[in-house]
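Every heavy atom of this structure was used, including side-chain atoms; hydrogens, water molecules and symmetry mates were not. Start at 1 with the first residue, then count along the sequence.
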Amino acid sequence: MPGLLVIYKPSLFRNLSQSSLPPALSSFRSTAYKRRRRFRIREMPSSPSASSEISKVGGEGATGDGVDLLGSFKLSESTFLASLMPKKEIGADRFLESHPEYDGRGVLIAIFDSGVDPAAAGLQVTSDGKPKILDIIDCTGSGDIDTSKVVKADADGNITGASGTRLVVNPSWKNPSGEWRVGYKLVYEFFTDTLISRLKKERRKKWDENNQEAISEILKQLNEFDKKHNKTDDINLKYAREDLQNRLDFLKKQADCYDDKGPVIDAVVWNDGAVWRVAIEIHTFEDNPEFGKLAEFIPLTNYRIERKYGIFSKLDACSFVTNVYDEGNLLSIVTDCSPHGTHVSGIAAAFHHKEPLLNGVAPGAQIISCKIGDGRLGSMETGTGLIRALIAAVEHKCDLINMSYGEDTLLPDYGCFVDLVNEVVDKHRLLFISSAGNSGPALSTVGAPGGTSSSIVGVGAYVSPSMAAGAHCVVEPPSEGLEYTWSSRGPTVDGDLGVCVSAPGGAVAPVPTWTLQRRMLMNGTSMASPSACGGAALLISAMKAEGITVSPYTIRKALENTTISVGELPEDKLTTGQGLMQVDRAYEYLQQSKSLPCAQYKVKINQAGKSSPTLRGIYIREANACEQASEWTVQVEPKFHEDASNLEQLVPFEECIQLHSSEKSVVQTPEYLLLTNNGRPFNIIVDPTDLSDGLHYYEVYGTDCKAPWRGPLFRVSITIAKPMILKDHNSNMSFSDIRFVPGHVERRFIEVPHGTTWVEATMQTSGNDTARRFFIDTVQICPLRRPIKWESVVTFSSPSLKSFSFPVKGGLMMELVIAQFWSSGVGSHEATVVNFEIEFHGISIHKAAVTLDGSEAPVRIDTKALISSENLVPAANLTKVRIPYRPIDSNLSSLTASRDKLPSGKQILSLTLIYKFKLEDGAEIKPSIPLLNNRIYDNKFESQFYMISDSNKRVYATGDVYPKYVKLPKGVYNLHLYIRHANVEVLEKLKQLVLFIERKLDKKDVIQLSFFSQPDGPIMGNGTFKSSELLPGQMEAFYVGPPTKDKLPKNCPPGSVLVGKISYGKMSLGARNENQNQQPSPVSYHISYVVPPPKLEEDKGKDTSSCTQSVSERLEDEVRDTKIKFLSNLKKGTPEERSAWKDLANSLKQEYPKYTPLLSKILEGLLNSGADEDKIIRNEEIINAANEVVNSVDKEELAKYFSVKSDPDDKEAEKIKKKMEATRDQLSEALYQKGLALAEIDSIKGSKLDGSATASGDELSDGATKDSASPPVDQPDKFEENFKELKKWVDVKSSKYSMLVVVRERRCKRPGTALKVLVDMIQDDSDAPKKKLYELKIELLDEIGWSHLASYERRWMYVRFPPSLPLF
């Protein structure tokens, strides 16, 4: 994605511009785009072709130095360097010139982000020589390693790591207890996708060299073989050559399927008597075999104790720190999950002794890094990370929090996280600053928490001429500073301004060492927030030095009341907040107000006559609300910090407030208000009736009569978006000759006619001599849902016309925004002329969602066109199946106090729910939890996280509030859902939480539904409905029929729901483009079908066959079978249980000596029993048991039976057939197990036969033969005799018996052929992967001498067969 920066998640790197990223980091952009389908990630152009709004603030603070009327801008080396880390724009440079000692010293900032690299440039020390980073914490748990396993060193000082590797302990390490705690993790789990991609490429080169060398060697052996054995008919030589060919084929295939999972880290934790220590060993990461060895590692401890870090290897150059929790049972290895957090930290507080112009805003400040971006989710924040970060900020007694993350939200100023933020700000006096979002330029696009939370200072992104010329390398920068086009706008849906202040939104700042560069350019509100945070740190530094009480209330007021306006219109506040912050002015304000009470003036608003909802501003959007005056009750409540004294601060508080209206003709308010601690309401009247169409912004604000210099103590934001209304039933609207220059934004507010469901629009440009890039956005607001937003970024390379279509909701006001990007067309002096035309379309339906209840009855659909004539062309497809599940188990537990105790003292609890589901075939699935999904900040539950694993504990997918599809092979899976909350009663209610597994249907299984004009159509097969012409006002009805039962896909149990989409309209030809041809209607609705119970089988339960046995004979058979069943169910876990089982087995054998099913069960029991005895003895027992099965079978009778076909219509013959097939299977299984036991005995005794099979011509279709040299007559080859007998009854190349073929080929010194058969077995195995097969594969690779492949497979073993599930 060419360029942007959006703080809205998936991957933090929505906040980055194209110019920000070197080629090595380009994957961040694509990852960001894919992560959240809910948000369209803006495609921002590279800096040289970028743009935004014109404002009156010069890029050089208030003066605009260096800008002439033609917009030319000259930079010197010093001003160029200064533009890379902008400080002059916010007055920080002027402040530091006057007060160099107030550069952030004594201030601690918590950086809530993707993690900070302690090795990054400028992040080692402060300006006064103190450590820059005091602590680095992974709040997400993504780097956690279970180190609860305790081992002891052997006599040589070695221990066995959790990976099974022998580790050499450094004898100089102190460990009084002698206990070493071990754990392991794949190193790639600590890295970003970008770093992994780089490492894979570099490691692949070495692997390819080794693999090519092996291929060359095999080719050489094949050539030598062919030269030596030209045209030979010897069957043994044929198999020998086939073995070489199989080796070559295997090597070639490995090159195609190579997937590097990275090295394994063995971690060791111990207590040296004072602190917990950590050492790690990294296996096979670099060519140097000594690198990464445990004994050579310099032990680390918790970062905050010694502030030391390690680097995994020179190859990755990735720094990490360690933290030990829970008495050594849990190790957290902390790395960053993107460069974003380091960059943000650098803007706020970097210190470069030799490059002061590149210093951060507050070089004297210290920081703690609270990683909230979860590496398992591609840097998405989680509720766990957010809450733990707040806990850490309070524990470390931080002064400030910067959070350059955010998300769209359903409800503003609501949720578990917001509640805790309020506590942190109000009780612990932390100033919380956060990015407002990068979803502009439409209104109401501010995100949570920065733009929607009352306790957080939300920051918009500003660009000055010097930033444009220097950092962005724009040829002709704008003549004045302006807001970036993409910076999110207010107001919030409840009327709050949204953006508090603005700050520079771009910088060249430090990035992690693994990026292989020191700095890079990023831009976004993610960069504006730390700029503002650094400015606030300067103020707190000054306040502490001068003994001024530090309060987030007073600092915020100082910032808001001392800004410089950006833009000339009142409405510009919705874009920039109160304006561009000015540190020097805010400092003067704080000095003047140091004796005033530390109070925040909270505003709550209700419309007269309504008790809910309670609002924070007034936002009038809809046409009917603009046609009349309205009365509002404003409650102003002073809020003091929780430690405020009742008698000294609350009781004496009394202020005479003068109320002001920015436009009395529209907003009427009382003149004065006497405000006390308990607050006071007053009424205002808003009359928009005489306003013109468009956007209007007003404020009611209160000032202190005794100290008017304080400026507004509180503000009531009043936003009126008065829409245009179509008249005379017109369905078209056009806007002509709109002139655009870089950064210009045009807004139109339109009342969408009732009955409209979609819009078709065209945009035509003229006058543009160079390419122009435009943002086109629409926004509608509905109660209790996120704003309905459509957006598109289009480039007009020359004057042309483009078409669009998008869904809308009729009866709601729609904002249409067209904006030329702030740097697009800057080199041209020609304005772009735009003509924009809108055409409203709609087919109104009486039910938005259609549910087919599983019966044969169709559902009637009533349709009506209210705007204009429409083509009614219904189409419906069922594309997915949703199956509900209840938990099979649950576990409620208390978490450790070291990370999960709230500042209030409450302990956070966790509920783990386990769901089990089965896939009969491979499929793409997605879990869905309707109660919890799609909400992070606007959620009263702290956190949710899920993990999908198979029976081997291999994790296939992890996710959080935004589940995503994952492709799974056939098998049985467990889904662990992890939910956190501080209230045990709430978690108890969720113990039976319903979860849906949503599975995509294969294309062949997608069901296309039919439509009918008659209610009996689905049964009678007539009255098909295809299409119709709907005239305005005309209603037409038709039926949608259920799918026929024969079309229902398999594996859809009763109660599951088939879901899909239904559409009704068809776009007009004029608005179609290539993409839209694939989707005739831009609007579709939900349709579902409940899968009914299956039909009853008529013959089920009926036994039509006659029984020839007497009652006594039948009783004897039942007793015998019951005894055998009882034997099968006996436990054999302990020696006593195995002894009892053997006694009963022997007793039954005496009672039923030749009964094959019994003997087969005894063999099965031996195979499943614990191996408490010698392996040779156990295998001999298996051989004896197998011989008893073989001897019990009349093989001649069995062979004779299968030589004749049975009559399938003869019931009695079918019974005999089943019995004979069962006997054959029991015989084959006995021979198979006997062969494996014989081979294992030979292997143990070291008596493998060296010869190959005799040239008897007895050739197997799978290529295996007898040993080439026949054993002496007095020593018959029992294995070959058994194998030959097995071949009589089954196809030995089938997957069921392939293991014996593998063993035989290996005995015959043909490991290449054995490997081929084994790989086929693994691929054909329908069950979960079997560890023993992969272990055998590694043995064969070692046997051949392919160490690079054996090492590769060993690393994969940690993925396929982990000893336990990872921690949440």
Side-chain angles (χ1 to χ4, degrees), residues 34 37 849-859 861 873-885 915-930 933 948 950 956-957 959 963-973 975 994-1012 1017-1019 1021 1024-1026 1038-1064 1077-1081 1083-1097 1323-1328:
K34 294 175 182 176
R37 295 186 179 178
V850 177
T851 301
L852 297 162
D853 59 13
S855 70
E856 287 70 22
V859 172
I861 307 291
V873 186
N877 291 294
L878 300 175
T879 57
K880 304 168 187 175
V881 59
R882 300 178 83 227
I883 304 176
Y885 291 89
Y915 301 83
K916 191 171 187 177
F917 65 95
K918 184 177 182 180
L919 296 179
E920 297 294 343
D921 297 295
E924 283 188 77
I925 67 101
K926 179 181 76 172
S928 172
I929 309 112
N933 286 163
I948 300 175
D950 64 10
Y956 281 85
K964 56 185 179 181
Y965 281 99
V966 60
K967 193 166 187 178
L968 298 178
K970 173 184 177 180
V972 178
Y973 296 91
L975 185 147
V994 172
L995 173 144
F996 291 91
I997 296 296
E998 188 173 281
R999 186 179 83 240
K1000 287 184 180 179
L1001 299 178
D1002 293 336
K1003 287 185 178 180
K1004 60 181 178 61
D1005 294 327
V1006 169
I1007 301 173
Q1008 184 174 346
L1009 299 178
S1010 300
F1011 300 91
F1012 303 91
I1019 300 298
T1024 301
F1025 183 90
K1026 295 292 185 182
F1038 58 89
Y1039 294 90
V1040 55
T1044 57
K1045 301 303 182 285
D1046 62 316
K1047 287 187 177 181
L1048 293 181
K1050 61 180 180 179
N1051 306 323
C1052 293
S1056 60
V1057 182
L1058 292 165
V1059 297
K1061 295 292 184 180
I1062 182 170
S1063 62
Y1064 304 97
N1077 278 333
Q1078 300 173 5
Q1079 185 182 352
S1081 175
V1083 59
S1084 59
Y1085 303 89
H1086 181 83
I1087 186 169
S1088 61
Y1089 172 77
V1090 180
V1091 178
K1095 66 177 182 178
L1096 296 176
E1097 297 180 15
Q1323 292 176 346
D1324 293 342
D1325 196 350
S1326 58
D1327 298 326

| Member of D921, D1005, D1002 meeting the salt bridge (Lys or Arg N to Asp or Glu O under 4.0 Å) criterion with K1050 | D921

| How many angstroms lie between atom NZ of K880 and atom CZ of F996, to the nearest 0.5 angstrom? | 14.0 Å

| task | Might you work through the side-chain contact (heavy atoms from CB on, under 4.5 Å) test for I925 and F917, ending with a clear yes or no? | result | CA-CA 11 Å; I925 67 101; F917 65 95; 4.1 Å; yes

| said: For the NZ atom on K1047, are there more than 12 heavy atoms of other groups (residues, nucleotides or ligands in this structure) within a distance under 6.0 Å? | reply: no

| field | Validation row, ring centre Y915 to ring centre Y885 under 6.0 Å | value | no

| note | From the list Y1039, F1012, F1038, ring pair (Phe, Tyr, Trp, His ring centres under 6.0 Å) with F1025 holds only for F1038

| Hey, is E920 close enough to K918 for a salt bridge, meaning N to O under 4.0 Å? | yes

| task | Would you please test E856 and K1045 for salt bridge (charged side-chain N to carboxylate O under 4.0 Å, His left out) and show each step? | result | CA-CA 9 Å; E856 287 70 22; K1045 301 303 182 285; 3.6 Å; yes

| Distance in Å, L878 CG paired with Q1008 CD, rounded so as to fall on 0.5 Å steps | 10.5 Å

| said: If you define the side chain from C-beta out and look only at heavy atoms, does anything of P1049 sit under 4.5 Å from V881? | reply: no

| field | Approximate separation, where rounding is to 0.5 Å, of T1044 OG1 and I1007 CD1 | value | 7.5 Å

| Is any side-chain heavy atom of L968 closer than 4.5 Å to a side-chain heavy atom of Y973? | yes

| query | Taking all non-hydrogen atoms of both residues, which atom of P969 and which atom of L919 are closest, and how far apart? | reply | O-CD1, 4.0 Å

| request: For residues V1040 and Y1089, determine if any side-chain heavy atom of one lies less than 4.5 Å from a side-chain heavy atom of the other. | output: no

| task | Using a 4.5 Å cut-off on heavy atoms from C-beta on, say whether the side chain of L1009 contacts that of L852. | result | yes

| task | Return the minimal non-hydrogen interatomic distance between P858 and G1041, and the atom names on each side. | result | CB-CA, 4.0 Å

| note | dist S1063:OG -> N877:CG (nearest 0.5 Å) comes out at 8.5 Å

| request: Could you tell me which non-hydrogen atom of I883 sits nearest to which non-hydrogen atom of P1053, and how far apart they are? | output: CD1-CD, 3.7 Å

| About how many Å separate NZ of K1061 and OG1 of T879, when rounded to the nearest 0.5 Å? | 8.5 Å

| Note, P1094 side chain near P1054 side chain (heavy atom, < 4.5 Å) | yes

| Are any non-hydrogen side-chain atoms of P1043 and L1048 less than 4.5 angstrom apart? | yes

| query | Side-chain contact, heavy-atom cut-off 4.5 Å: L1058 with L1001? | reply | yes

| Which pair of heavy atoms, one from P963 and one from P927, lies closest together, and at what distance? | CB-O, 3.0 Å

| message | S1010 vs T1024, test: side-chain contact (heavy atoms from CB on, under 4.5 Å). Steps then yes/no. | response | CA-CA 8 Å; S1010 300; T1024 301; 5.9 Å; no

| said: Looking at every non-hydrogen atom in both residues, tell me the closest pair between V1091 and C1052 and how far apart they are. | reply: CG1-O, 3.5 Å

| message | Which label fits Y1085 and Y1064: parallel for a plane angle under 30°, tilted from 30 to 60°, or perpendicular past 60°? | response | tilted

| message | Within this structure, what is the NZ-CZ distance for the pair K926 and R882, rounded to the nearest 0.5 Å? | response | 8.5 Å

| field | Residue of the set E998, R999, K1000 for which side-chain hydrogen bond (donor to acceptor under 3.5 Å, both in side chains) holds with Y965 | value | E998

| Check: L975 and I997 side chains under 4.5 Å, non-hydrogen atoms | yes

